[in-house]
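Taking it in order: structure first as structure tokens, then the write-up.
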Amino acid sequence: MATVRRSLLAALAALAVVAAPASTRAADTYLALKGGVWVPTASDGYAAVADVASGKFPASGDIELAYGATMGIIGAQIAGGYMWSSTTAVDGTTVKANTVPLYVLGQLRLPIFFIQPYLELGIGGLANFANVSNVGESLSATKYSFLAIGGAGIDFILGPILLGAEARYMYVTEQTFDWGAMKLSGVNITANVGYVF
């Protein structure tokens, strides 16, 4: 009886391996374009600008390009992008944050046929090309920060096409400028489309 059960389990395992799509058995690489929203979360996202003691950046845009690989339950990704946000104070002072994140991620994936939910952790750097302008006056500077990422997402592998969605928190170390400080940590939510090769 035990031999029959073992044989049946071995046959089911072999059938699952044969029936599973190639994307869950072998390493796949992909190139993906991500686009969505960046929601800075610090209530004191910028400080000491004109007469504003502290203010919050509004939700704005995020676009990224990623190259990655999936190997069963493990995934890795390198990516870079562009995020932007700006706000105008009551006195007309405009504060802009135009940022370029570059990072690497490790992923823990759960391939279920063509559906692959995942958790991810990563580190990188973020360049901020900040600008403050008022009537007849403009200040700009570039600062670099450490970046830590934690998030989750889901990919749908439809042959050579990758469709997905992702939500993550990006922690960015505070940046200090001549006119004050900026805190750019926040949540990114993107829709992803890519090509698997």
Side-chain angles (χ1 to χ4, degrees), residues 23-24 27-47 56-86 95-111 115-131 140-157 162-177 180-197:
S23 63
T24 63
D28 285 330
T29 56
Y30 60 89
L31 191 62
L33 181 64
K34 303 177 179 187
V37 64
W38 170 39
V39 184
T41 54
S43 60
D44 55 345
Y46 61 94
K56 184 174 182 175
F57 280 107
S60 197
D62 173 23
I63 187 164
E64 300 175 33
L65 186 63
Y67 174 76
T70 62
M71 299 147 283
I73 64 168
I74 302 297
Q77 187 180 101
I78 59 173
Y82 180 70
M83 303 183 310
W84 63 94
S85 188
S86 68
V95 182
K96 294 180 181 178
N98 297 300
T99 69
V100 175
L102 298 170
Y103 57 87
V104 295
L105 292 169
Q107 298 172 331
L108 180 60
R109 303 178 78 88
L110 180 61
I115 302 170
Q116 295 189 10
Y118 59 87
L119 299 174
E120 61 186 2
L121 289 173
I123 60 170
L126 181 130
N128 179 13
F129 305 97
N131 180 279
S140 61
T142 302
K143 294 285 183 172
Y144 302 93
S145 292
F146 171 76
L147 178 66
I149 300 170
I154 187 165
D155 287 338
F156 298 92
I157 310 295
L162 178 147
L163 298 174
E166 190 172 45
R168 61 183 179 220
Y169 180 77
M170 300 177 85
Y171 169 78
V172 181
T173 54
E174 183 177 325
Q175 299 173 329
T176 304
F177 297 89
M182 283 193 185
K183 297 178 182 176
L184 301 176
S185 297
V187 175
N188 294 65
I189 300 170
T190 60
N192 312 329
V193 61
Y195 178 72
V196 180
F197 50 95

With side chains defined as the heavy atoms from C-beta onward, is the minimum distance between [X] and [Y] less than 4.5 Å?
| X | Y | answer |
| --- | --- | --- |
| M83 | L126 | yes |
| L33 | I63 | yes |
| E64 | Y103 | yes |
| Y82 | N98 | yes |

ask   = So among N128, T99, T176, which one has a side-chain contact (heavy atoms from CB on, under 4.5 Å) with M182?
value =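 The single option meeting the side-chain contact (heavy atoms from CB on, under 4.5 Å) with M182 is N128.
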Quick one: [atom1] on [X] to [atom2] on [Y], what's the gap to the nearest 0.5 Å?
| X | Y | atom1 | atom2 | answer |
| --- | --- | --- | --- | --- |
| F129 | T142 | CZ | OG1 | 5.0 Å |
| I123 | Y171 | CD1 | OH | 14.0 Å |
| L162 | T70 | CG | OG1 | 9.0 Å |
| I154 | I115 | CD1 | CD1 | 6.0 Å |
| I73 | L110 | CD1 | CG | 9.0 Å |
| T29 | Y195 | OG1 | OH | 9.5 Å |

task = Report, as yes or no, whether the 6.0 Å neighbourhood of atom CG on L108 holds more than 12 heavy atoms from other residues, nucleotides or ligands.
result =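 Atom CG in L108 is crowded, with more than 12 foreign heavy atoms closer than 6.0 Å.
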query = Does NZ belonging to K34 count more than 12 external heavy atoms closer than 6.0 Å?
reply =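 Atom NZ in K34 is crowded, with more than 12 foreign heavy atoms closer than 6.0 Å.
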Taking every non-hydrogen atom, the tightest pair across [X] and [Y]:
| X | Y | answer |
| --- | --- | --- |
| A76 | Q107 | N-OE1, 4.3 Å |
| Q116 | P111 | CG-CA, 3.8 Å |
| G150 | L121 | CA-CD2, 4.0 Å |
| L147 | P101 | CD2-CB, 3.9 Å |
| K56 | P40 | CE-O, 3.4 Å |
| W38 | G61 | CB-O, 3.8 Å |

Test: D44 and K183 ion pair at under 4.0 Å =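 The answer is yes: the pair qualifies as a salt bridge.
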task = For the pair V187 and M170, evaluate side chain to side chain contact (heavy atoms under 4.5 Å, CB included) and give the outcome as yes or no after the intermediate values.
result = CA-CA 6 Å; V187 175; M170 300 177 85; over 6 Å; no
Derivation of the side chain to side chain contact (heavy atoms under 4.5 Å, CB included) call for I149 and Y169 = CA-CA 6 Å; I149 300 170; Y169 180 77; over 6 Å; no
Would you find a donor on one side and an acceptor on the other, under 3.5 Å apart, between the side chain of [X] and the backbone of [Y]?
| X | Y | result |
| --- | --- | --- |
| S185 | V172 | yes |
| S85 | F57 | no |
| T190 | G35 | no |
| T173 | F146 | yes |

ask   = Between Y67 and Y30, is the ring centre distance below 6.0 Å?
value =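 Aromatic pair excluded; centres sit 6.0 Å or further apart.
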key: Y144 and Q175: CA distance, side-chain angles, deciding distance, side chain to side chain donor-acceptor pair (under 3.5 Å) verdict   = CA-CA 8 Å; Y144 302 93; Q175 299 173 329; over 6 Å; no
inquiry  = Assess the residue pair L31 and V196 against the criterion (side chain to side chain contact (heavy atoms under 4.5 Å, CB included)); give the C-alpha distance rounded to whole Å, side-chain angles, the decisive distance to 0.1 Å, and a yes or no.
reply    = CA-CA 7 Å; L31 191 62; V196 180; over 6 Å; no
inquiry  = If you apply the rule side chain to side chain contact (heavy atoms under 4.5 Å, CB included), what do you find for E120 with E166, and how did you get there?
reply    = CA-CA 10 Å; E120 61 186 2; E166 190 172 45; 2.7 Å; yes
Polar contact flag, side-chain donor to acceptor under 3.5 angstrom, W84-S60 =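 S60 and W84 do have a side-chain donor-acceptor pair below 3.5 Å.
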